[in-house]
Undergrad: 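Before anything else, here's the structure in question.
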There are 2 protein chains.
Amino acid sequence: MAGSSRLTGAGDPEATGSPATRRRATILDVAAAAGVSRQTVTRAINDMPGISVETKRRVLDAASTLAYRPSRFGRGLVTGGDSQLGLVVSDLTNPYSPELAAAVVRRAAAEGWSVSLVDIGLAGSADRLLHSLHAQVDVIVGYLGEWALGWESRFGATPLILLDAGADSPHAGINLNPAAAIEDLAAHFVAVGTRRPVVLDASEPHATSGRGSAMMGALERRGLSPELVHASASTPEHASAVTAQVIRRATPPDAIFAFNDLMALGVLSACRHAGLDVPRDIRVAGVDGLTIGGLVAPTLTTLAVDFDEVARHTLELAVALGDRRPDIDLHRVVSHRLVLRESA
Amino acid sequence: MAGSSRLTGAGDPEATGSPATRRRATILDVAAAAGVSRQTVTRAINDMPGISVETKRRVLDAASTLAYRPSRFGRGLVTGGDSQLGLVVSDLTNPYSPELAAAVVRRAAAEGWSVSLVDIGLAGSADRLLHSLHAQVDVIVGYLGEWALGWESRFGATPLILLDAGADSPHAGINLNPAAAIEDLAAHFVAVGTRRPVVLDASEPHATSGRGSAMMGALERRGLSPELVHASASTPEHASAVTAQVIRRATPPDAIFAFNDLMALGVLSACRHAGLDVPRDIRVAGVDGLTIGGLVAPTLTTLAVDFDEVARHTLELAVALGDRRPDIDLHRVVSHRLVLRESA
DNA sequence: CTGAAAGCGCTTACAG
DNA sequence: CTGAAAGCGCTTACAG
């Protein structure tokens, strides 16, 4: 190595060993290698007319040799580039997130948008993630939770579409409304003779969820006296634990309405381990309409979210906001739908 | 509208109604509005030193009024931009895809990469999707299937990392190896007294999958005579149908090894509907290690993929290829691991 | 069929 | 603290 040229000090690890990171080839490098101008390279690379087959071949060979790749920034600057959607979910390991993502990705592809996926539930790095996402995309959509607070001052004019953040949110948003489906399910419970229903709610601090209290009300209005219990965490495991306690009583419930499908799976599991038959001994229902609910045994009755509908609104809002054309209804509502299956 | 200026013809729909799409504000617009130079705008927007609080305020106000957002292309051209990974899956509705995606997104975030998610199983549009993806990302990784053929000629030098494409693939790749886990499971089956195992394979045309024949061999070597059956499609529903037939026989199987977890769920479902107890009457195992397998009742024994390990290799390869530094092992292997749960 | 010029929107030195 | 200049890598007219 003595005598070889180097730009860095002797102690620099970058200066030692193996083929170092080479500067990426640009259009000018290819042009020089092929002995043509850069616009001729553009013609060859982009398959445009007005270039002889022989020249094209020579250019493409040079490009290949140099491992040339057009810079998406250089190109995007002049063409405008594709639109990019940033999808933020809070926990990719909850099947709810990918079902939403699948619908959004599908719809986005149909509209010519790309989607960058971010899991904001990741330990500590949420702020950094949002910063880098906001620099890469045209519109951000998703479950931002507390991170939506002070958005304007932190991320300037990056349009934001909030999922299920409430109708009074200052941002554009899509809200889920389970009210009608809850009434339908309550009516169904009554119709099949339920007497002692339990509402198994999530673990929101000191509070009852909207869907929890809605179900309580719907059952009470029909003359039942539902019991409200909370899981200490919104997981199938905790749902299972609470269920195990409740069904061990002298007069156990004959129906359990779980906060979501994942928790309902925990309920099903606890019932099975206790030797209870669902739905004969006890009925179970969840919320979300996850695909998995149709694959377990018994299949799960649920209040399903129409993810395609959510995705449709998402892209509609994204396109409008991306075009700086906010002359549309910025608050959409998607209703849940009762899907009766074996468990209830 | 008469007399108002318009650039387009009278019949142009763009010329009618509502605030039309305005040109997006640039840094120069903000500079003009605030009465400063563009580099002062840069300082304000990017929170850099060397600017008075009062000037900064004025610039930020102007930016806000104009809804200014820095162009990611302009910025990327000079800063280099973040690295972007394109993740291609074949079917986002199969839980396998999101579990992989979750791991990759998590790891990518840790390494400062963004990931764009594409579902190539979408009707017909695969080619268009790959084209637009290849223009947006630095490296593409995933299940490309037949689309990996002729990659070089179609997408030039865009680095490609193939998942589970076989060790003889010309591209960089990560391969899954179930061999050892299959031996472990076969040994377990034998140890617990299995006599009549069935291997329920996927519906690959006229062929037996690698894992299917590996399991057949592993069982035969242990003195058993396993039966091989194929589902007419690789879905839980078809797995369910085949299972229903097989367990109806005079001497039904006492164990079923399914091609993957999703099909194993179908098997569980069929067993339950037939009144068979798992694992007492019949044992069931799948492949993939999906989270859902731990949530159903009975919980599913499986050969688990270490998605974090796959993600780790993915990012390692992506970084190396993105840096044009292919002096590393371009073919990685991740082994399955036997996870014994209730079903077997 | 090919190339010289202009410009997309930014940031990074550098000069005041 | 502020601004004039240069340049990132590409494509789009335009001229030959």
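We name chains A, B, ... by the order of the sequence lines, and we start the count at 1 in each one. If you're wondering where the values come from, they're calculated on a predicted model, not measured in any experiment.
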Undergrad: Nearest-Å distance, CD1 (A/Ile51) to C1' (D/dT11)?
TA: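 Taking CD1 of A/Ile51 and C1' of D/dT11, I get 14 Å after rounding.
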Undergrad: Please tell me which of the listed nucleotides, C/dT2, D/dC8, D/dC1, lies nearest to the side chain of A/Ser52?
TA: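 Within the option list, the nearest is C/dT2.
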Undergrad: What side-chain donor-acceptor pairs closer than 3.5 Å can you find for residues 159-172 of chain B, not counting sequence neighbours?
TA:
{"residue": "B/Asp164", "atom": "OD1", "partner": "B/Leu176", "partner atom": "N", "Å": "3.1"}
{"residue": "B/Ser169", "atom": "OG", "partner": "B/His171", "partner atom": "N", "Å": "3.1"}

Undergrad: I'd like to check the side-chain hydrogen bond (donor to acceptor under 3.5 Å, both in side chains) partners of A/Asp138; sequence neighbours left out, ordered by chain and number.
TA: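 Expected list: B/Arg72.
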Undergrad: Under 4.5 Å between any side-chain heavy atoms of A/Thr79 and B/Phe73, yes or no?
TA: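 SC-SC contact between A/Thr79 and B/Phe73 ruled out.
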Undergrad: Using a cut-off of under 3.5 Å, enumerate the N/O to N/O pairs linking the protein to nucleotides 3-7 of chain D.
TA:
{"residue": "D/dG3", "atom": "OP2", "partner": "B/Ser37", "partner atom": "N", "Å": "3.0"}
{"residue": "D/dG3", "atom": "OP2", "partner": "B/Ser37", "partner atom": "OG", "Å": "3.2"}
{"residue": "D/dG3", "atom": "OP2", "partner": "B/Thr40", "partner atom": "OG1", "Å": "2.8"}
{"residue": "D/dG3", "atom": "N7", "partner": "B/Arg43", "partner atom": "NH1", "Å": "3.4"}
{"residue": "D/dG3", "atom": "N7", "partner": "B/Arg43", "partner atom": "NH2", "Å": "3.3"}
{"residue": "D/dG3", "atom": "O6", "partner": "B/Arg43", "partner atom": "NH2", "Å": "2.5"}
{"residue": "D/dA4", "atom": "N7", "partner": "B/Gln39", "partner atom": "NE2", "Å": "2.3"}
{"residue": "D/dA4", "atom": "N6", "partner": "B/Gln39", "partner atom": "NE2", "Å": "2.1"}
{"residue": "D/dA5", "atom": "N6", "partner": "B/Gln39", "partner atom": "NE2", "Å": "3.3"}

Undergrad: Any base atoms under 4.0 Å from B/Thr42, or only sugar-phosphate, or nothing? Heavy atoms, all strands.
TA: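 Contact class for B/Thr42: base.
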Undergrad: Aromatic rings B/Phe155 and B/Trp151: how do their planes relate, parallel, tilted or perpendicular, breaks at 30° and 60°?
TA: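 Ring orientation, 0 to 90° scale: tilted.
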Undergrad: Is there a side-chain polar atom (N or O) of B/Thr26 under 4.0 Å from OP1 or OP2 of C/dC8?
TA: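 The answer is no; no side-chain N or O of B/Thr26 sits under 4.0 Å from OP1 or OP2.
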Undergrad: For A/Asp29 and D/dG9, give me the distance from atom CG to atom P, rounded to whole Å.
TA: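 A/Asp29 atom CG is separated from D/dG9 atom P by 9 Å.
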Undergrad: Using whole Å, what does the distance between atom P of nucleotide D/dC8 and atom CZ of A/Arg24 come to?
TA: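 Whole-Å distance recorded here is 15 Å.
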Undergrad: Heavy atom of residues 56-72 of chain B under 4.0 Å from DNA chain D: which residues?
TA: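 Output list: empty, so none.
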Undergrad: Return the value, rounded to whole Å, for the distance between atom CG of A/Asn46 and atom C1' of D/dT12.
TA: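 About 12 Å, once rounded to whole Å.
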Undergrad: Excluding sequence neighbours, so at least two apart, what forms side-chain contact (heavy atoms from CB on, under 4.5 Å) with A/Thr26?
TA: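 Counting only residues at least two positions away or on another chain, A/Thr26 forms a side-chain contact (heavy atoms from CB on, under 4.5 Å) with A/Arg23, A/Leu28, A/Asp29.
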Undergrad: How far apart are the C-alpha atoms of A/Leu133 and B/Ser114, what are their side-chain angles, what is the distance that settles it, and do they pass the side-chain contact (heavy atoms from CB on, under 4.5 Å) test?
TA: CA-CA 8 Å; A/Leu133 186 66; B/Ser114 302; 5.9 Å; no
Undergrad: What's the CG-P distance between A/Asp47 and D/dT11, to the nearest Å?
TA: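 In whole Å, D/dT11 P lies 13 Å from A/Asp47 CG.
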Undergrad: To the nearest Å, give me how far apart CG (A/Leu28) and C1' (D/dT11) are.
TA: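 Answer to the nearest Å: 13 Å.
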Undergrad: Out of A/Val141, A/Asp119, A/Ile120, which one pairs with A/Val88 under the side-chain contact (heavy atoms from CB on, under 4.5 Å) rule?
TA: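 So the option named by the test is A/Ile120.
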Undergrad: Under 4.5 Å between any side-chain heavy atoms of A/Arg24 and A/Arg69, yes or no?
TA: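 The answer is yes, as the side chains (C-beta and beyond) meet within the 4.5 Å cut-off.
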Undergrad: Evaluate whether atom CZ of B/Arg57 has more than 12 neighbouring non-hydrogen atoms of other residues, nucleotides or ligands under 6.0 angstrom away.
TA: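 Atom CZ in B/Arg57 is not crowded, with 12 or fewer foreign heavy atoms closer than 6.0 Å.
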Undergrad: Within the side chain of A/Thr314, is there an N or O that forms a donor-acceptor pair under 3.5 Å with the backbone of A/Val310?
TA: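 Present.
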Undergrad: Which nucleotide, C/dT12, C/dG9, C/dC1, lies nearest any side-chain atom of B/Thr79?
TA: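 The answer is C/dT12.
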Undergrad: Indicate yes or no: does A/Arg332 engage A/Glu316 in a salt bridge with an N to O separation below 4.0 Å.
TA: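 Yes, A/Arg332 and A/Glu316 are salt-bridged.
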Undergrad: For DNA chain C, which consecutive runs of 3 or more Watson-Crick or G-U pairs (each distance under 3.5 Å) count as stems?
TA: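 Stems for DNA chain C, defined as runs of 3 or more consecutive pairs: C:1-3 with D:14-16, C:5-12 with D:5-12, C:14-16 with D:1-3.
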Undergrad: Think B/Arg75 has a side-chain N or O under 4.0 angstrom from the OP1 or OP2 of C/dT11?
TA: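 Looking at the OP1 and OP2 atoms of C/dT11, one of them is under 4.0 Å from a side-chain N or O of B/Arg75.
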Undergrad: Determine whether B/Val118 and B/Leu87 satisfy the following criterion, side-chain contact (heavy atoms from CB on, under 4.5 Å), listing intermediate values before the conclusion.
TA: CA-CA 6 Å; B/Val118 161; B/Leu87 177 59; over 6 Å; no
Undergrad: How many whole angstroms separate atom CZ of B/Phe73 from atom P of D/dT11?
TA: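 About 13 Å, once rounded to whole Å.
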